[in-house]
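Below is one structure; the comments refer to it alone.
By convention here, the first residue in the shown sequence is residue 1.
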Amino acid sequence: MSMGRPWLAVEAALAVVVLSASVTFLGVRDDDRDFYTSMSDAAPVPAAAQPVDGASTGSYVWDCGRNQIGHRNTGNPVVTPGVPGPAHHEHDFVGNRAVQPGSSVDDLPGQPTTCTNGDESTYYWPVLRLGGTEQHHGPALAPTSLTMTYRGNPRGPVVAMPRLLVVAVGDAYAYSDGGAQARAAWSCSNTPDKTTMKYPMCDDGAEVVRIFDFPSCWDGRQLDSPNHRQQMSFPAAGGGCAAGTFAVPHLEISMTYAVPAGARYRIDAFDGQRYSPLTDHGFMVNLMPDPLMKRVVTCLNSGRACDDTAGARSG
């Protein structure tokens with residue numbers, strides 16, 4: 001080995017770094033690279049608030065599938081009832097099977113559902129696609145897993161959600177409006193302790209994780225509001241709900257996608273949003289039958305872990 005050419009080792013190391021970077025962003029255009037990140041740059045997940053005596057510490061999980069049936073369309077029964085959305089902005093739906101491009105919330109009660117526990121609620125978010133260009137969509141990816149969890153509140157008990165309560169998280173226009181309402185949360189299956197608001201480029205063999213963490217403080221009056229947000233708010237630091245609001249079951253939906261390592265992917269977005277990951281958003285309309293919602297509240301307030309996924313029932 002030559003001792004007079006240390007620059008050769010440095011040059012070789014730099015070549016490896018450059019090659020790794022090009023593989024990491026395979027298929028990502030230069031003008032989109034700011035939308036992607038490695039999980040080494042992601043933020044740690046904040047520590048959960050410590051519950052006080054009498055807090056609602058239980059959990060409830062159930063199974064609404066992962067849209068294996070391909071229930072996708074441009075409808076949004078909350079924001080644009082009765083009016084189909086643009087072709088380049090489809091939603092994935094789980095739960096209520098009646099949502100069509102021209103549906104309204106009034107069309108949904110009593111309809112069939114994909115939820116094995118009889119939950120008739122609808123849950124939906126923008127489709128995630130592999131690749132694609134401004135002119136052509138890439139193929140829609142169905143999640144490889146989808147977990148639905150209700151949790152309690154660390155500062156006290158929760159009350160039941162009323163039927164037809166609308167709950168929204170995130171902002172479909174976050175790229176152009178400053179992003180104050182953005183709540184995008186992404187991760188990789190091998191880095192569960194970190195999240196990012198960008199599209200993560202996961203290690204080979206790891207799956208992309210997408211998380212919707214819904215607000216859980218209800219104003220006690222409205223089922224919906226003109227901006228679809230005023231009726232619900234997020235807990236303050238420490239987990240408590242502001243004066244005049246009531247803690248309801250706290251919904252988190254987490255899903256994974258099998259995205260090839262280094263491949264470009266993105267969510268459907270509106271015009272002017274450049275398919276930014278900041279614009280990720282989700283909706284739910286609560287149509288749980290009252291006895292089922294009562295079971296959820298009882299599980300949470302009694303500190304039990306209840307599992308109503310197919311083939312399992314405990315608590």
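Among all heavy-atom pairs drawn from Thr245 and Ser233, the shortest one is CG2-OG, 4.4 Å. Residues Ser225 and Gln231 share a closest heavy-atom pair of OG-OE1, 2.6 Å. Residues Gly82 and Pro84 share a closest heavy-atom pair of O-CD, 4.1 Å. When all heavy atoms are compared, the tightest approach of Tyr265 to Leu128 is CD1-CD1, 3.9 Å. The two residues Asn190 and Pro192 come nearest to each other via the heavy atoms C-CD, 3.4 Å. For the residue pair Phe246 and Gly244, the shortest heavy atom distance occurs at CE1-O, 4.0 Å.
Rounded to the nearest 0.5 Å, atoms CD (Gln181) and CZ (Arg183) are 8.0 Å apart. The OG1 atom of Thr113 sits 8.0 Å away from the OH atom of Tyr123 when rounded to the nearest 0.5 Å. Distance check: Thr191 OG1 to Lys194 NZ gives 7.5 Å after rounding to the nearest 0.5 Å. Atoms CG and CG, on Leu164 and Asp224 in that order, are 10.0 Å from each other to the nearest 0.5 Å. Between atom CZ of residue Arg264 and atom CZ of residue Arg33 there is a gap of 11.5 Å, rounded to the nearest 0.5 Å. Expressed to the nearest 0.5 Å, how far NZ of Lys198 lies from OG of Ser276 amounts to 9.5 Å.
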Exercise for review: Verify side chain to side chain contact (heavy atoms under 4.5 Å, CB included) between Asn73 and Gln100, making sure each step is shown before the conclusion.
Suggested key: CA-CA 7 Å; Asn73 59 62; Gln100 299 300 322; 4.3 Å; yes
Practice item. Apply side chain to side chain contact (heavy atoms under 4.5 Å, CB included) to Leu292 and Asn117, showing your working. Key: CA-CA 8 Å; Leu292 181 56; Asn117 63 352; 3.5 Å; yes
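Side-chain contact between Leu287 and Leu108 is present, with heavy atoms from C-beta onward closer than 4.5 Å. Under the 4.5 Å side-chain criterion, counting only non-hydrogen atoms from C-beta, Arg97 is in contact with Ile69. Side-chain contact check for Glu120 versus Met288: every heavy-atom pair is 4.5 Å or farther apart. Counting only heavy atoms from C-beta outward, the side chains of Cys306 and Ser59 never approach each other to under 4.5 Å. You'll find the side chain of Ser121 stays beyond 4.5 Å of the side chain of Val285, heavy atoms only. Using a 4.5 Å cut-off on side-chain heavy atoms (C-beta onward), Cys299 and Arg295 make contact. Residues Leu165 and Val167 have side chains in contact (heavy-atom distance under 4.5 Å, counting atoms from C-beta outward). Looking at Val78 and Val105, their side chains come closer than 4.5 Å, going by heavy atoms from C-beta outward.
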For residues 40-47, which side-chain N or O atoms pair as donor and acceptor with protein atoms under 3.5 Å away, sequence neighbours left out?
| unit_1 | atom_1 | unit_2 | atom_2 | d |
| --- | --- | --- | --- | --- |
| Ser40 | OG | Ser38 | OG | 2.7 |

Please table the atom pairs, donor to acceptor, closer than 3.5 Å between any side-chain atom in residues 247-257 and protein atoms at least two apart or in another chain.
| unit_1 | atom_1 | unit_2 | atom_2 | d |
| --- | --- | --- | --- | --- |
| His250 | NE2 | Asp213 | OD1 | 2.4 |
| Thr256 | OG1 | Thr144 | OG1 | 2.7 |
| Thr256 | OG1 | Ser145 | N | 3.4 |
| Thr256 | OG1 | Ser145 | OG | 2.6 |
| Thr256 | OG1 | Glu207 | OE1 | 3.2 |
| Tyr257 | OH | Arg210 | NH1 | 3.0 |

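Not counting sequence neighbours, the partners of Phe283 by the ring-ring contact (aromatic ring centres under 6.0 Å, His included) test are Tyr124. Residues that satisfy the side-chain contact (heavy atoms from CB on, under 4.5 Å) test with Gln111, not counting sequence neighbours, are Asn96, Ala98. Partners of Arg151 by side-chain hydrogen bond (donor to acceptor under 3.5 Å, both in side chains), not counting sequence neighbours: none found. The side-chain hydrogen bond (donor to acceptor under 3.5 Å, both in side chains) test applied to Asp171 returns no partner, not counting sequence neighbours.
Between Tyr275 and Phe35, the ring centre distance reaches or exceeds 6.0 Å.
Under the 3.5 Å distance criterion, the side-chain polar atoms of Thr114 are left unmatched by any main-chain donor or acceptor of Gly65. The backbone N or O of Ile267 lies less than 3.5 Å from a partner atom in the side chain of Tyr199, making a donor-acceptor pair. Under the 3.5 Å distance criterion, the side-chain polar atoms of Asp203 are left unmatched by any main-chain donor or acceptor of Ala206. Remark: side-chain polar atoms of Asp290 are not paired, donor with acceptor, to backbone N or O of Met293 under 3.5 angstrom.
Side-chain N/O atoms of Asp106 and Ser104 include no donor and acceptor closer than 3.5 Å. Using modelled atom types and a 3.5 Å distance limit, the side chains of Glu90 and Thr74 yield no donor-acceptor pair. A side-chain N or O of Asp271 and one of His88 form a donor-acceptor pair less than 3.5 Å apart.
In this pair, His89 and His281 present their aromatic rings parallel. The plane angle is below 30°, not in the 30 to 60° band. Ring geometry for Phe270 against Tyr173 counts as parallel: the plane angle stays under 30°, on a 0 to 90° scale with 60° as the upper cut.
If you chain together hydrophobic residues whose side chains sit under 4.5 Å apart, Leu146 and Val259 fall into the same group. Cluster annotation: Val158 is connected to Met284 through the hydrophobic network of ILVMFWY side chains, with a link wherever side-chain heavy atoms come within less than 4.5 Å. If you chain together hydrophobic residues whose side chains sit under 4.5 Å apart, Ile211 and Leu141 never meet in one group. Val169 and Val127 fall into different hydrophobic clusters, where Ile, Leu, Val, Met, Phe, Trp and Tyr residues are linked whenever their side-chain heavy atoms come under 4.5 Å apart, directly or through other members. Hydrophobic clustering of Ile, Leu, Val, Met, Phe, Trp and Tyr side chains at less than 4.5 Å, counting indirect connections, keeps Met201 apart from Met197.
Annotation: Asp193, atom CG; neighbour count of heavy atoms from other residues, nucleotides and ligands within 6.0 Å is above 12. The number of heavy-atom neighbours closer than 6.0 Å to CZ of Arg66, taken from other residues, nucleotides and ligands shown, is above 12.
Residue pairs meeting the side-chain hydrogen bond (donor to acceptor under 3.5 Å, both in side chains) criterion with at least one partner in residues 159-168, sequence neighbours excluded, do not occur; the list is empty. Residue pairs meeting the disulfide (SG to SG under 2.5 Å) criterion with at least one member in residues 223-255, sequence neighbours excluded: Cys217-Cys241. Among pairs with a residue in residues 286-309, none fulfils ring pair (Phe, Tyr, Trp, His ring centres under 6.0 Å), at least two apart in sequence or across chains. Pairs engaging residues 50-85 under the ring pair (Phe, Tyr, Trp, His ring centres under 6.0 Å) rule: Tyr60-Trp62, Trp62-Tyr150, His71-Phe93 [sequence neighbours left out]. For residues 43-57, the side-chain hydrogen bond (donor to acceptor under 3.5 Å, both in side chains) pairs, not counting sequence neighbours, are Ser56-Asn301. The ring pair (Phe, Tyr, Trp, His ring centres under 6.0 Å) pairs that include a residue from residues 209-238 are Trp125-Phe212, where partners are two or more places apart or lie in different chains.
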